[in-house]
Structures are given as C-alpha cells and as structure tokens.
Protein chains: 2
Amino acid sequence: MPRAGLDRATVVAAAAELADERGFGQVTMSLVAERLGVRTPSLYKHIDSLAELHQDLATLAATELGDALRDATQGYAGRDALAAAARAMRSYLTGHPGRYAATIGIFTGPELGAASARVIESLAAVLRGYRIAPADRTHALRTLRSTLHGFATIQNAAGFQWNADTDQSFEWLIDFLDRGLAQKSLSSKPI
Amino acid sequence: MPRAGLDRATVVAAAAELADERGFGQVTMSLVAERLGVRTPSLYKHIDSLAELHQDLATLAATELGDALRDATQGYAGRDALAAAARAMRSYLTGHPGRYAATIGIFTGPELGAASARVIESLAAVLRGYRIAPADRTHALRTLRSTLHGFATIQNAAGFQWNADTDQSFEWLIDFLDRGLAQKSLSSKPI
DNA sequence: AGGGTTGGCTAATAGGCTTAGCTTATAGCT
DNA sequence: AGCTATAAGCTAAGCCTATTAGCCAACCCT
C-alpha cells in the first residue's frame, strides 16, 4: 500500500480549500482526511489537534492576505493606496471566504501574531501617506482596521443583501475614509 | 422527583449566561443542561437542536442590543445620538461578549431578521439627524454599521491589546464618524 | 380524585476527536 | 543490492457531544 505523501503544508492546504468551498465550520478532521484520501488518524502524524489545524489555517490566511495587501499597495500613496488596500482586502475575502473566516476571532496566539502583524503593517503603511499626527496614529489605524474588517465580516456573513450596490457601498466607504483621514492630516488636534 | 420547571426562555437564558461567562463556543447542549441541573436530552422538550438554540440566543442578543440602542438614543440627535449609540453598543459588547458573539455570522434567518432589523433601524435613526442625501443613505448606514461592528468584533476577539487607550480610540472613532457624516450632510454629491 | 398532557429520565445510536500500537513503505547507508 | 531505522498510514478503541425513542411520573384541569 503506497503512501499518500502528506505533509503539514498539504494538510493545511486541503483545510483551506475545504474552508473556502464549504465554510470554516466544515473544516473538520474527518472531512480533511476524506479530501486527502486518507483515514482520519493519519492526520495526527502531521498535526497535533484540530485546534492547531485551525490556527495554521488562520496563519496561512493572514499571511496570504498580508502579501496581497503589500502587493496591491506597492508604489501607491494616499487615496490610491487606501483604495488599493481596501479592494485587495475585499477581493481576498470574496475569493477565500473560508480562509478569511478562519482569521476572525483568532487574532491572539504566538504564531499568528507574526502573520497578522504584516496585515496591520500594510494598513499602517497606507496611513503613512496621510501624515497623521503621531498622537492620532494608533486611533486612525484601529479605525481603519475596524471599518474594513467590519465590512468584510458583515458581507461574509451575508448580512447585507447581496445586491450589486454592495460594490457601490464599498467605494463610498473608501471615499468616506479618505476624506476623513485627509482632514486629520493637518489638524493634529487630539480628542 | 420534582420537575425543574424549564421553559424555552429559561433554556435560552442559561445559554446566554454560559456564553458570556465561558464564550459562545462553550454553548453546548451538555453544558447548558448541566447548568440547569438537568440531563441533556431533557432540553429537547423545549428546543429542537443546538443550531436552533444558537439562533434563539442570537435573536435574544439582537433584541437586547436593539432595545439598548433605542433607549440610549432616545431624545438625542446628531453627534449626541451617534455617540450614545456607539457607546451603548460597546457597553453591550463588554457586558455580554458571548451574546454579542452569537449574533456574528448569523445575520441571516427569518426570526433573527426582525430582531436585527431593530438594531439597523436604530442606526438609521441616528443617521437621520445628519440629513444625508437619499442616494447616500444606504451607503452611510452600511459604513456606520461596518465600523461599529468591526471595532466591536476586533475588541471582542482581543485583537487590540486591551490597553486603557482602547477607550480613547473608540472616542476618536466616534469623532471621526461624526465629522465625516456631518460633511456629507450638505453636499449631496454621490460617488 | 382522576385523567390526559407533558417534562424529565434512561438507553441507545451516530459521528467527531484523539490515543495506542501495529505494519510496512521508504530514505539512507554500506 | 541489501539492511536498517524512521516514520507514514492503518485498525481498534475510548471519550464526548448531539440526537432519537420510549418510559414514567409530576402537574393541570375538572
């Protein structure tokens, strides 16, 4: 009986596909094993537990998202960078809903920290183009992150009716953020 | 052997307490039954399935949150209403993290629809004070909802380090939203 | 008091995660 | 090529959760 030639990366990749196709909740040891043509216990040669698999999946997603953000904003600044980042984020979400869902609620943890830090860093880079006062930077970053993440989460959960104008709303949101941030770029007045 | 005198509402209430104390993920038939001093199968006399219990919990949370928003914004308009709504939302989140988590990702469904519609309606009422152009109203509402929900979600997942200045960031966010919406209140220029 | 309803119970099934221990494919060495 | 040590995948088994079936007694109503 030949071996399947599995690998930690292979297993996580299968989990990622499963998450996107059937939802994060369907990422189970049984279904991942089935997809790989292997018996469930075999997975434990590569991964310690389901929780760890979920963590690894979240790390993978955060890494991919971080790369996408970095690539998309490369060479842009100000409003262009903001729009590029926002669209890249939403593009990743719609293309990989299950992976994105994996990152939600698991922003803690040691390994994921490094990966999600890159996402944050990309957003911070976008903000740099707006020359926000130092005292406001953390607040602005959190606001940006909250807004994009919130839109993504709600859309992911089908909270908006999936009309065509969801796209319009997103563009409106980008515009709203841009104007607000631009206004903050000179007045360094704190709270 | 006397009866426990359970009730659909009682069961959901127990689930809600459990969610807040130990996290939404710990809302399981076993733990709810244990908390009520009852054997697991007994719950099925009141609830059809775990999924339905989760739905009911989400509906309860959405209803409570809707009430809190309505009460908080009563009699206010403009910036005051916005601040009151935002703070009420965050207050509910910190007071009932598990219930709030229950509403995430379950914005679909028939019964929850009515409850969550009241939350949306309260936010729409806040926006009315800003006299947004009709063409922009849906977009503004989605932006507001995304932002508040995103902040709540990230904080709930401990995505920000829980510093004291998370409060400051939230106030900054309110200010940011207020200025942006105020700017939209006259210029009815669409995208 | 008596009778029907129904709430809670025990027993049992199915399915998911996980561990233990076996077997043998496979890589690496000689 | 043959030998050996490692480790990949397997079966068997335990535990836990959700769920169903069927029993029995507590409660409500008259």
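Residue numbers begin at 1 in each chain, while the letters A, B, ... track the order of the sequences.
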Among [options], the one nearest [X] by side-chain distance:
| X | options | result |
| --- | --- | --- |
| B/Ala4 | C/dC17, C/dG8, D/dT19 | C/dG8 |
| B/Arg3 | C/dT6, D/dA18, C/dG16 | C/dT6 |
| A/Leu50 | D/dT19, C/dC17, C/dG8 | C/dC17 |

Distance, rounded to the nearest Å, where [X] contributes [atom1] and [N] contributes [atom2]:
| X | N | atom1 | atom2 | value |
| --- | --- | --- | --- | --- |
| A/Ile47 | C/dC17 | CD1 | P | 12 Å |
| A/Met29 | D/dC15 | CE | P | 20 Å |
| B/Lys45 | C/dG8 | NZ | C1' | 7 Å |
| B/Arg8 | C/dG8 | CZ | P | 15 Å |
| B/Asp7 | C/dT6 | CG | C1' | 13 Å |
| A/Leu31 | C/dG16 | CG | C1' | 10 Å |
| B/His54 | D/dT17 | NE2 | P | 13 Å |
| B/Leu6 | D/dA26 | CG | C1' | 14 Å |

*What about B/Arg39: does its side chain form a donor-acceptor pair under 3.5 Å with the base of C/dT10?*
no

*Mind checking whether A/Leu141 and A/Arg137 have side chains closer than 4.5 Å, heavy atoms only?*
no

Does the side chain of [X] get closer than 4.0 angstrom to OP1 or OP2 of [N] through an N or O atom?
| X | N | result |
| --- | --- | --- |
| B/Ser42 | C/dC9 | yes |
| B/Ser49 | D/dA18 | no |
| B/Thr40 | D/dT17 | no |
| A/His46 | D/dA7 | no |
| A/Ser30 | C/dG15 | no |

*A/Ile174, A/Asn156, A/Leu93, A/Leu173 screened by side chain to side chain contact (heavy atoms under 4.5 Å, CB included) with A/Phe151, the one that passes*: A/Leu173

*Could you tell me how the ring of B/His96 sits relative to the ring of B/Tyr92: parallel (under 30°), tilted (30 to 60°) or perpendicular (over 60°)?*
tilted

*Which atoms form the tightest heavy-atom contact between B/Thr103 and B/Tyr100, and what is the distance?*
OG1-O, 2.6 Å

*Do A/His139 and B/Phe176 have ring centres separated by under 6.0 Å?*
no

